[in-house]
Structure formats: structure tokens, C-alpha cells
**Student:** 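Structure below; questions to follow.
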Amino acid sequence: MKPIPIRRLRFLTALLSTLLLLAGPVFAYPLLDAAPAAASTDAKTDADTDAKKDEVSITLDEVTPWVDDNGTLTVRGTISNTTKKAVEKPSLSLQMSTRKLDSESRLTSWKQGQARHRTVADLEHDGTEARKKAKKDKDADDSSESTLDTSFDDTIDPGATAEFTFRVPADDLDLSTSSPVSTWGPRGLAVQLGDDTGLRASALGFTTWYPDPEFDQTKISLLAPVTLPGHSEGGLIPSDRLDAAIAEGGSLDTIAKLLEHKELALAIDPRIIASFEAAIAEPPPADAPEETEEPDGENGEETQSPPVGAPENDDSDSSGADLEAAEKQRKRLDSWYQDFVEAAQKHTVVALPYGDPDLSALRGTKIDRLSSFAQKQREIVGDVFPDARTDIAWPVAGSATKNGLRALKKSGNSTAIISDGQQPSITGIHDDAHSQTTITDDGESTIDTLISDTKLTDMSAEAIAEDNPAGALSELVAESAVIQSEAPYRTRSLFVPLPRAAASANWEQTVEELSSAPWIAPTGVDKILDSSTEARGLLRTDSDAPHIRKRAVKSLAETRANQEDFNSVFSDRDSADIRLDRELLTCTSAAWTLGRNANICAGQAREQSENLMDSLHLRKGSSVLLVTGEKTTIPVTIVNESPAEATLRIRMKPNTPQLRAQETETVKVPAAETMRVDVPVEGLANADVPTTIEMVTADEVVLPKQESLMVRVRADWENIGTAVIGLALAVVFVIGLIKTISRGRPKIPEQQLADAMARAKTDDPEKR
């Protein structure tokens, strides 16, 4: 065999290399597809994001949910070209399914693939230019009144958006009116955009043909929660947050607009009522004298600092403006609240437990007592709405159990709201919402149930969550038409609760679309509960039901245990416990089962609890010089930055016996104030005595914030020095006196004595 020439070998090598390079992507795709799904999650998300940035899309802004024989189908939307290339000579059309979608399977099939459809309007025949041309052509026999208005001509530029609006009269839909009962029902809609390369984008929706058929309506009861989930100090919503909620577009403003629907039921959180009552309370008169206490020799009390939150500057103009703004806000909240109460009186009101907690998550935990406390707080709603139902429990969807329902009934609940997934229909169709279920194994004890329609409830929630809900809302209305088609000559009562969260902008549109359908009869919840019960299947337990995470519940239990003893320092301990329990309940809200933010809330509650316990503390002082044997007092300053009055006494604990100290009398320190108290002490011997100062409650609870103080006990050197000097002088005097006495009388010299005697003898006596 002849060897291959070197040139030919190099040529073959180069050829094989080129083929491998060209074939590389072909072999690479299977390898990429075989990558583990878990490892590619982030990459997939990034890819989806990049794809959205490089595609043409259609968003539906309006879809007529139902059309009668005198109506007009309107489909309005926006085309977004986020690619780097223009869409040249676009074609735009509106497609409709050729058969009615009168079952859930047909609705699903239409969404998955728009089979069997026809064009009801397009750019070529119904666009602006086509209409102008048809108008000029007098011989044209075109009686169509369908229109398509667009904001683009022949091109949709890169990065541009274009609007479109289809308007198709009922006569142009080619739908029969001769047999209303057999022809009425949902139709699928598809807006399709194409160009020379093919289909570029599409968007789906539904409309329901309603040529006034005669059958019984389906009764639907809607329940709207009135709540504002979120952590707040003391469990009350701050005034600023309430003010934002009642402003235009706010969640409570949305609730107020929903009250126009007379049959809408309201599930009111007592936290809303309590927060408004606190926010609109009349402030004390501006000219009321401040209650201050002058320093007193007996109790040593003094006020040293203004209340927490008071302005630090003395600018009267600024303070006046703040007070005026606060008063305007108070009046604004008061006005909204009074209007809300007046309007809500006309609706069925269901009182929720405080904070709308996930009661199932609390059961059997160290804070189980919060469950009964939250339910008792429903009285707050009952005080404002005397006819409110305070006996209806609302477990998180899927979380009801026999034990749980039995506990709810024991705590005074006669009815529980559960989903049809837990208590299903036995007929295979959507049955009446009012039923009963057994709560004991022997079946002897039962509780009334209000069954939520899972399909309509979930679709309502999805429509509410959409940024552009038109398509989802049209599908929701179509689903209600499918339910009506199941048994057109049987009146049924369905129950649809809205999401357990703060109301959003889409709530109003969702309630409006579902309530205005002509085959729907909006009905109050009270009317459903007054009707006879419908037999349903046995209670099913959903093992995957959402709950507040155990980690969050454990954290809340620890927070309560840490603060429970501390609360004994407050003069009104019951109110302090209520504030604590209300605050913890805000972190057990059923809303957190949707957002999974309970851990964050629990962390905020723990931080707030620590801040509260730190708000009552002692002001650190310098070391004290004390004289032995003297009974005196050492001043101690108590700082109370908490929102409530504290009752306590001061205990000073010397570390060595050279100092003796006594406890003070019990004192009351007002909220946001400071007070000085005098601790009786006595120095016994010279020493530097480290001392601990504690705050002690009436229940002998030692508060966590302690201070240390160095007390220097010394003898009275000044008096001792004076005595020593006096004693020294006395000693000197005595010594001198003794010496003087010991010397005797002074002696006269002998010569002087002799001279004196001689003079005595010679002197004349008469002269002396």
C-alpha cells in the first residue's frame, strides 16, 4: 500500500476539522438538553428574560366578555417590538373559534392550540386604508361594519409599540340567534400578527355569545376581605399607612368602590376597625396644661425629657404646620371611616379573627392561645356592625381537618369556609355552596360549611394578579358560562372569595365583570347560608395545604416568651399583653401563606420586642464618694421611652458588705418621661464597692436593662483631722503646764537676799 502524500494528508485533516466545526452545534444541542434541570434554573430564567427582550408580543387591554345580538365585540391591545429589526408589512387579524367552548376541556384545548377557527376581522379588509378604498369604490358590495384601527402603517419599528382596536358588530360575527339555548356559550378569540416570515405573535381571549336564552341564572356570592396585611408596632396600622390606603387607587379606596355592588359580602379584619378608631380619636385640647411634677424631697421625682416623637426644635411655625397637617389627616381618616361604616351596614359583614391569622398553623404550638384571642377580638367588628356574623371561620384553603373544625366549633363557630377540593361535589358538576361535614369519626357531630368554588376563585386571583387582566377576565367570564351550561335549568348558588390580601386595582374590574354577566345573579352570603344544605363528599385532607412556616411560628413563640415577663412592669399589663398579641398576630396572617413573608415579619416583631424592652432603662451615672457611718441616698434616673406607664422600684445590690443599700418605694414612670428616685444607702467601711442597679417589677421580675455603679466608701477625714489637731494642741498645753509646775517657785540670789535683809534692819520704821 502506497503511503498517503503529505499534502493530501494535510488536506484531509483540514477537511475533517472544518466538518467537525460545522457539526459542533448539532452535537451540542442534545448535550445542552441533557443538563440537569436543577442546575439550569437560573440559566432558563435568564434565557426567558432575554427572549422577552428580543421578541414581538401582543398584550390585550380590552376584550368584550360577552356579546348579545345587539352588541359589538371590541378587542383592543398593544403590539411591542423589542427586537432590533422592524416588522415589515405586518398583517393583523382577529380569529374566532368555529364552535362554542361549552366545557372546561374545550376551553383548555383552545388555549393550547387554536384549532377550527375563522377570521372575523383583519387589517386587509377592515383596516383604515381598506375602508377608505371601499368607500371610494361605489360599486363595491361590502356591507361589513367591522373596523380595525391601528397606530402603525406599513412598519412597526424596532423598540416601538403600536396600538390596535377591533370592533365587530354582532351581525358580522355570523353567530345564530334562531336557537339561543343551543348556540349561546363561550367562543375563543386569537389576535394574530404576521409578516412575510410567518406568524410573529398572538394573544388569546374569550367572549361569550348570549342571544338572550331563557334559563335559570347561577347565583354567585362574592366575599371581599377588608384587611391590610403587614407588621406594625402594637398590632395597629399607622395613620400614614391608613391615609395612603384611602387615597385614590389605594387598597381601602378600592374597597369603598366595591361597596356599589350591593350583594357583595365583606370579611372585615378587626385590626382595620381598631386602627381607625385609634387614628381618629380626638387629640387633647391644645391649651390643656401639661401635667408635670416638681422635684420633691420625699420621692425625688422629676420630668426631664419631652415625649418620644416630640419635635426637637422650638420652631413654632414648623410645629404649627405639623399639627395642622396631622389634624387634616385625622379628619380625612374620620370622614372616610364614617362613610365606610355607613355603606358597609347595607352589606353582609363577616368578622374575621384579629389579623386574619392562619389558625391551623397556630394550633398545637406554644402560642396556641393566640388563636382564641384572635377570635375573641371579633367583638370589635360586632360593636361597630351589630349584625355582623362572628361565627364563621375561614381556614386557609386546603388546611381544614376534622380536629381543626372541631376546635373551631368548640370556640363558637357554627360555619367554616372550605374549598370544594376538600369537600367535593358528588354529582360531578359545580354544586351549591351551602353544605355540612362531619367533624368526628363517628359522624355524630357536624359543622355547616360554605364551599368556595376553586375554579372561579383561582381564576379570579390570577386575573387580579395580572398587569393586563383583560384576557384573564374574559376567560373567567367564559368559565362561569361553562358552569351555567352544565345545568341551565337548575338554580345553583356558588361562593367565590377574593384573595386574602390588600385590595388591588383589578379587584373592582373582576367583581364588575363577574357580576354583570346576564347568566349570573349576584347573591348575598347570608342568603346562601339561609338556604338548605347540599349533600357533598366526605372531608378530604390536603397534605400540601399552605401554612405559615414552623420557623416563623417558633420565632414568634420565643418573642412572646421573652416579653411576657417584661410586660409586668407596665401599670396596665392587660393592655400591654393585648398590644403584644396583636402585633404577633400580624405575622400569622393568612396573607403570608401566599407571599411566604412570615419569616420577615417574625424578624420585625422580634426586633420591635427588643426595642421595647430596651426603651425602659437607667441613665448611667458617675462613681459616688460615700462617707462611712453616714446614712444617705444615691439618686438614680429612670428613663421610660415606651408607650405606656411603668410601675417599678429600684434595687441596688453592692458586691461587698462595706456598703448597705435598701430598695426604693414603688414609683410610676409615665410614658415617654424620665424620673429620679433616691436609693437609701449606708457606708460601713472603707472600700471601693462595685454596685449593680436593677429595675424590679411588682411581680419580682428583674428587667434586662441594668447599670453598674462604683461607690467609694471613705472615712470622714475632715472631722478626724480637726480632732487630731485639737488634740495635739491640748497635749502641748498640758505638757507645758506640767513642766511649769514641776520647776517650782524661782529662787532669789543670796547676795540680793542679804542686801534686802540689811535694808530692812536699818530702815526707819516710821519711814516705812
Side-chain angles (χ1 to χ4, degrees), residues 58-77 92-123 125-126 144-148 164-193 199 201-215 217-218 455-456 459 462-463 466 468-486 488 513-514 516-520:
I58 299 176
T59 301
L60 297 181
D61 302 318
E62 179 185 355
V63 178
T64 304
W66 61 272
V67 183
D68 59 18
D69 52 358
N70 295 318
T72 299
L73 172 63
T74 301
V75 179
R76 180 172 57 86
L92 188 64
S93 63
L94 176 62
Q95 310 291 331
M96 175 181 284
S97 62
T98 56
R99 66 175 182 176
K100 63 179 181 180
L101 312 177
D102 55 357
S103 67
E104 293 183 3
S105 60
R106 289 185 176 180
L107 281 176
T108 302
S109 297
W110 172 259
K111 291 179 64 176
Q112 294 175 348
Q114 296 76 54
R116 301 179 62 180
H117 61 270
R118 58 189 174 85
T119 301
V120 295
D122 60 21
L123 186 61
H125 299 92
D126 305 297
S144 173
E145 296 181 2
S146 300
T147 62
L148 171 56
F164 64 87
T165 303
F166 288 95
R167 292 184 179 88
V168 184
D171 291 341
D172 289 353
L173 292 176
D174 294 333
L175 297 175
S176 174
T177 59
S178 60
S179 180
V181 174
S182 61
T183 59
W184 94 282
R187 262 70 175 180
L189 300 174
V191 178
Q192 296 183 342
L193 174 70
L199 181 66
S202 65
L204 303 181
F206 298 87
T207 193
T208 299
W209 175 239
Y210 190 79
D212 200 18
E214 295 182 1
F215 44 63
Q217 293 176 306
T218 297
K455 191 69 175 182
L456 293 178
M459 293 181 70
E462 291 172 3
E466 288 283 349
N468 301 94
L473 287 174
S474 69
E475 184 179 359
L476 172 64
V477 175
E479 175 64 26
S480 70
V482 167
I483 294 174
Q484 174 65 34
S485 298
E486 292 177 341
E513 297 287 13
L514 197 55
S516 61
W519 56 90
I520 298 298

**Student:** Is there a side-chain contact between Ser480 and Leu514, using heavy atoms and a 4.5 Å cut-off?
**Tutor:**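 Yes - at least one pair of side-chain heavy atoms lies under 4.5 Å apart.
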**Student:** Would you give the length of the straight line joining atom OG of Ser202 to atom CD of Gln114, rounded to the nearest 0.5 angstrom?
**Tutor:**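 Nearest 0.5 Å value for the OG-CD distance: 6.0 Å.
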**Student:** With side-chain contact (heavy atoms from CB on, under 4.5 Å) as the test, pick out the partner of Val75 among Leu60, Thr207, Thr64.
**Tutor:**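 One option only clears the test, and that one is Leu60.
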**Student:** Just jot down the side chain to side chain donor-acceptor pair (under 3.5 Å) partners of Glu62, sequence neighbours excluded, or say none.
**Tutor:**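 Only Arg76 meet the side chain to side chain donor-acceptor pair (under 3.5 Å) criterion with Glu62.
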**Student:** Could you tell me if the side chain of Leu173 sits less than 4.5 Å from the side chain of Val168, heavy atoms only?
**Tutor:**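 Yes, their side chains come closer than 4.5 Å.
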**Student:** Would a 4.5 Å heavy-atom cut-off, applied to side chains only, mark Lys455 and Glu479 as touching?
**Tutor:**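 Answer yes - side chains close enough.
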**Student:** Check the side chains of Asp172 and Ser146 for a donor-acceptor pair under 3.5 angstrom, ignoring hydrogens and angles.
**Tutor:**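 Side-chain D/A pair, Ser146 to Asp172: present.
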**Student:** Given the rule in the side-chain contact (heavy atoms from CB on, under 4.5 Å) test, do Glu475 and Glu462 qualify, once you have shown the distances and angles that lead to the verdict?
**Tutor:** CA-CA 11 Å; Glu475 184 179 359; Glu462 291 172 3; 6.0 Å; no
**Student:** What's the spacing between Asp102 CG and Ile483 CD1 if we round to 0.5 Å?
**Tutor:**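 Atom-to-atom, Asp102:CG and Ile483:CD1 are 13.0 Å apart.
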**Student:** Relative to the ring of Tyr210, is the ring of Trp66 parallel (under 30°), tilted (30 to 60°) or perpendicular (over 60°)?
**Tutor:**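 Ring orientation, 0 to 90° scale: perpendicular.
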**Student:** Report the C-alpha distance between Arg116 and Arg99 in whole Å, list the side-chain angles of each, state the deciding distance to 0.1 Å, and finish with yes or no for side-chain contact (heavy atoms from CB on, under 4.5 Å).
**Tutor:** CA-CA 8 Å; Arg116 301 179 62 180; Arg99 66 175 182 176; 3.7 Å; yes
**Student:** Within a strict 4.5 Å, meaning less than it, do heavy atoms of the Leu73 and Leu94 side chains meet?
**Tutor:**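 SC-SC contact between Leu73 and Leu94 confirmed.
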**Student:** Kindly compute the distance separating CZ (Arg167) from OG1 (Thr147), expressed to the nearest 0.5 Å.
**Tutor:**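 Answer rounded to 0.5 Å: 5.5 Å.
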**Student:** Of the non-hydrogen atoms in Ala115 and Trp110, which two are nearest, and what is the gap between them?
**Tutor:**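 It is O-CZ3, 3.6 Å.
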**Student:** Report yes if the side chains of Glu513 and Leu476 come closer than 4.5 Å at any heavy-atom pair, otherwise no.
**Tutor:**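 With C-beta onward as the side chain, the pair stays apart.
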**Student:** For the backbone of Thr218 and the side chain of Gln484, can you confirm whether one donor and one acceptor N or O come within less than 3.5 Å of each other?
**Tutor:**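 Side chain of Gln484 to backbone of Thr218, a donor-acceptor pair under 3.5 Å: yes, one is there.
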**Student:** Begin with the C-alpha distance, continue with both residues' side-chain angles, and end with the deciding distance and a verdict on side-chain contact (heavy atoms from CB on, under 4.5 Å) for Asn468 and Asp61.
**Tutor:** CA-CA 6 Å; Asn468 301 94; Asp61 302 318; 3.3 Å; yes
**Student:** Using side-chain heavy atoms (C-beta onward) and a distance below 4.5 Å, is Thr208 in contact with Trp519?
**Tutor:**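 Heavy-atom side-chain distance check passes, below 4.5 Å.
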**Student:** State the CG-CG distance between Leu175 and Asp68, to the nearest 0.5 angstrom.
**Tutor:**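 If I round to the nearest 0.5 Å, the distance is 12.0 Å.
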**Student:** Locate the shortest heavy-atom distance separating Ser93 from Phe166; write the atom from each residue and the value.
**Tutor:**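 Of all heavy-atom pairs spanning Ser93 and Phe166, the closest is C-CZ, 3.7 Å.
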**Student:** Given side chains that start at C-beta, do those of Thr165 and Thr74 come closer than 4.5 Å, heavy atoms only?
**Tutor:**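 Yes, their side chains come closer than 4.5 Å.
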**Student:** Looking at every non-hydrogen atom in both residues, tell me the closest pair between Leu189 and Met96 and how far apart they are.
**Tutor:**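 Shortest heavy-atom contact: CD2-CE, 3.7 Å.
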**Student:** Find the distance between CD1 (Ile58) and CZ (Phe164) and round it off to the nearest 0.5 Å.
**Tutor:**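 Those atoms lie 5.5 Å apart.
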**Student:** State, to 0.1 Å, how close Pro469 and Ala463 come at their nearest heavy-atom pair, and which atoms those are.
**Tutor:**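 Taking every non-hydrogen atom into account, CB-O, 3.3 Å.
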**Student:** For the NZ atom of Lys111 and the CZ atom of Phe206, what is their distance to the nearest 0.5 Å?
**Tutor:**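 Answer for the NZ-CZ pair, Lys111 versus Phe206, is 6.0 Å.
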**Student:** Check residues 178-187 and write down every donor-acceptor pair under 3.5 Å in which the side-chain atom is one partner and the other belongs to a residue at least two apart or another chain.
**Tutor:**
from	atom 1	to	atom 2	distance (Å)
Ser178	OG	Ser176	OG	2.9
Ser179	OG	Ser182	OG	2.5
Ser182	OG	Ser179	O	3.1
Thr183	OG1	Ser176	O	3.2
Thr183	OG1	Ser179	O	2.9
Arg187	NH1	Thr183	O	2.8
Arg187	NH1	Gly185	O	3.3
Arg187	NH2	Thr183	O	3.3

**Student:** Could you tell me whether the side chain of Val191 reaches within less than 4.5 Å of the side chain of Leu193, counting heavy atoms only?
**Tutor:**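 When only atoms from C-beta onward are counted, Val191 and Leu193 do not touch, as no gap falls below 4.5 Å.
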